[in-house]
*Asks:* 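First the structure, which I've put down as structure tokens, then a few questions once you've had a look.
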Amino acid sequence: MKLNIAVLPGDGIGPEVTAQAVKVLKAIAMEFNHVFTFDYGLVGQSAIDKTGGALPEETIALCEKADAILFGAIGDAKYNNDPLAKIRPEQGLLGLRKTLDLFADVRPVIAYEDILDKSSLKKKQIKDTNILIYRELAGGIYFGDKTFSDDGNTASDICKYSRFEIERIAHLAFEAAKTRKNKLTLVDKANVLASSKLWRKVVQDMEPQYPDVTVNYMYIDKAAMELAINPRQFDVILTENMFGDILSELAGVIVGSIGLLASASFGENKAMFQPIHGAYNKDENKGIANPIAAILSAAMLLDHFELFDEASLVREGVNKSLKLHITTPDLNTKYEHITTIKVGDFIEDFINNPDETNLNFTNIHLGQSTII
Ligand code: IPM
Ligand code: MN
């Protein structure tokens, strides 16, 4: 298969983790005789520094002509104390989501057996957790009208949804539930918010179209607690933009590190793949950023093009790295010298040679090349 992939590494640790995802995709292309080409574009602070804006026209054009987009991370800590800045790196990501109408964000949350002890939650509570979060991504409070009064003392954000916007993602979430445990949980705040009342009504109206799927309705405050106490009860979670942002980051606690959480954002005819974590500027170029979320996002890219064997080989490589503790320090107190690049090299080696990776394990821990 020929694929042209737009790569937007972004800021902070974005370029480091994205480089590992590209490395893995190149290994897959080699192993399975595909032709993947990679074209790089600017986004976020790195785009602001070079062009003055977070989402240059060339980047949009690059994404529009690409088959898929691989995104790193964006953000810069210097805005932490400058909330009123007119131009911000986040505008790059939000602009892409809006321009390409990437309305459905899929965020898998899987508690890996080999690292259950890395979670701050109890092993027996998180074991076998496997959740798929469907986060609406192109609407809601993120994109509603915003006001800021001239005197600087009053501000507002509108959270607006239409039946159409809810239905199009809800259909995808129902369909996903059908291929899993047939359980869908709509997370909302329908006891208070008008937009949430509409979400609940629309999903209720859709229920008869999916007789096999059991739908639960849960308020966001309760869902946050339930996710921490008993995450196993969830199968597919469907929710609006901001609730999905918060819940998916909370899910990082379940799996042991946010550095493991991948995502795929879909529009009608575009798809973007992105680790859910941010840019962590203070960790930039230290070699400690976990590349697995980026690598698993690349696996989701392969799934999207129905390259299922390829995607499972990547996931096997990830599982093996977790099993052998070939992971960055966020998950690894045992072998602290394992860097971002070494994790990428290990998974690349695994793809090239799935049967011999146990041998390479010794070399990795000696700090040598993984190539025998
Ligand atoms: C995410 C991020 C973004 C979001 C930020 C960087 C705008 O946190 O993808 O989860 O809030 O959606
Ligand atoms: Mn987030």
Side-chain angles (χ1 to χ4, degrees), residues 8-15 17-18 21 42-48 53-55 59 63 69-80 82-83 85-109 131-144 146 157 159 161 165 169 187 220 223-224 227 237-255 257-267 270-284 289-290 293-294 296-297 300-301:
L8 312 182
D11 310 323
I13 61 167
V17 296
T18 307
L42 290 170
V43 73
Q45 186 59 37
S46 34
I48 297 173
L55 183 59
T59 300
C63 293
I69 305 152
L70 198 60
F71 192 96
I74 45 149
D76 194 313
K78 73 181 180 206
Y79 297 92
N80 292 353
D82 186 11
K86 284 266 180 305
I87 298 178
R88 296 186 58 106
E90 288 79 1
Q91 291 159 350
L93 180 55
L94 299 175
L96 268 178
R97 288 173 179 168
K98 199 69 190 170
T99 311
L100 304 174
D101 198 20
L102 302 172
F103 63 88
D105 192 26
V106 183
R107 299 186 161 192
V109 180
I131 307 172
L132 208 50
I133 299 178
Y134 272 76
R135 168 189 177 194
E136 201 290 328
L137 203 62
I141 200 165
Y142 271 54
F143 295 102
K146 296 174 186 309
D157 300 277
C159 183
Y161 271 109
E165 288 173 295
I169 182 169
V187 173
I220 175 67
L227 204 54
I237 291 179
L238 167 65
T239 192
E240 60 94 73
N241 203 340
M242 191 158 77
F243 297 158
D245 180 42
I246 298 168
L247 285 187
S248 60
E249 186 125 349
L250 174 61
V253 180
I254 302 171
V255 304
S257 169
I258 193 170
L260 294 173
L261 294 181
S263 79
S265 318
F266 301 106
K270 270 282 165 254
M272 183 161 92
F273 302 85
Q274 178 212 336
I276 83 154
H277 61 69
Y280 294 92
N281 309 82
K282 67 173 180 18
D283 293 338
E284 184 175 346
N290 191 338
L296 289 174
S297 301
M300 293 183 85
L301 182 153

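Every value quoted in this text rests on a predicted model; they were computed, and no experiment measured them. The residues of the chain are indexed from 1 along the displayed sequence. The basis for the numbers below is simple: all heavy atoms, side chains too, and nothing from hydrogens, waters or symmetry mates. For ligands, and for the atoms within them, numbers begin at 1 and follow the listed sequence.
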*Asks:* Look only at the side chain of E136 and the backbone of A138, and say whether a donor-acceptor pair between them is shorter than 3.5 Å.
*Replies:* yes

*Asks:* D245 heavy atoms, cut-off 4.0 Å: which ligand 1 atoms fall inside?
*Replies:* 1 (C), 4 (C), 8 (O), 10 (O), 11 (O)

*Asks:* Output yes when a side-chain donor or acceptor of N241 lies under 3.5 Å from a complementary backbone atom of G139, and no otherwise.
*Replies:* yes

*Asks:* Please identify which atoms of ligand 1 are closer than 4.0 Å to at least one heavy atom of R107.
*Replies:* 1 (C), 9 (O), 10 (O)

*Asks:* List every atom of ligand 1 that sits less than 4.0 Å from any heavy atom of Q274, numbering the atoms from 1 in the order shown and giving each element.
*Replies:* 9 (O)

*Asks:* Could you tell me if the side chain of I258 sits less than 4.5 Å from the side chain of E249, heavy atoms only?
*Replies:* yes

*Asks:* Give the residue, atom name and distance (to 0.1 Å) of the protein heavy atom nearest atom 9 (O) of ligand 1.
*Replies:* R97 NH2, 2.7 Å

*Asks:* Among all protein heavy atoms, pick the one closest to atom 11 (O) of ligand 1 and tell me residue, atom and distance.
*Replies:* Y142 OH, 2.5 Å

*Asks:* Using a strict cut-off of 4.0 Å, indicate which atoms of ligand 1 neighbour a heavy atom of R135.
*Replies:* 1 (C), 4 (C), 9 (O), 10 (O), 11 (O), 12 (O)

*Asks:* Restricting to N, O or S, what is the name of the atom of D245 that lies nearest the Mn ion (ligand 2)?
*Replies:* OD1

*Asks:* Tell me if a side-chain donor or acceptor on S46 pairs with a main-chain N or O of G10 at a distance below 3.5 Å.
*Replies:* yes

*Asks:* If you look at every heavy atom in R88 and A54, which pair is closest and at what distance?
*Replies:* O-CB, 3.5 Å

*Asks:* Check each of I237, L238, T239 against Y134 using the side-chain contact (heavy atoms from CB on, under 4.5 Å) test, and report the only one that passes.
*Replies:* L238

*Asks:* Could you tell me whether a side-chain N or O of D11 sits under 3.5 Å from a main-chain N or O of Q45, the two making a donor and an acceptor?
*Replies:* yes

*Asks:* With only distance considered, is E90 within less than 3.5 Å of ligand 1 through an N or O on each side?
*Replies:* no

*Asks:* Within E249, is some N, O or S atom less than 2.8 Å away from the Mn ion (ligand 2)?
*Replies:* no

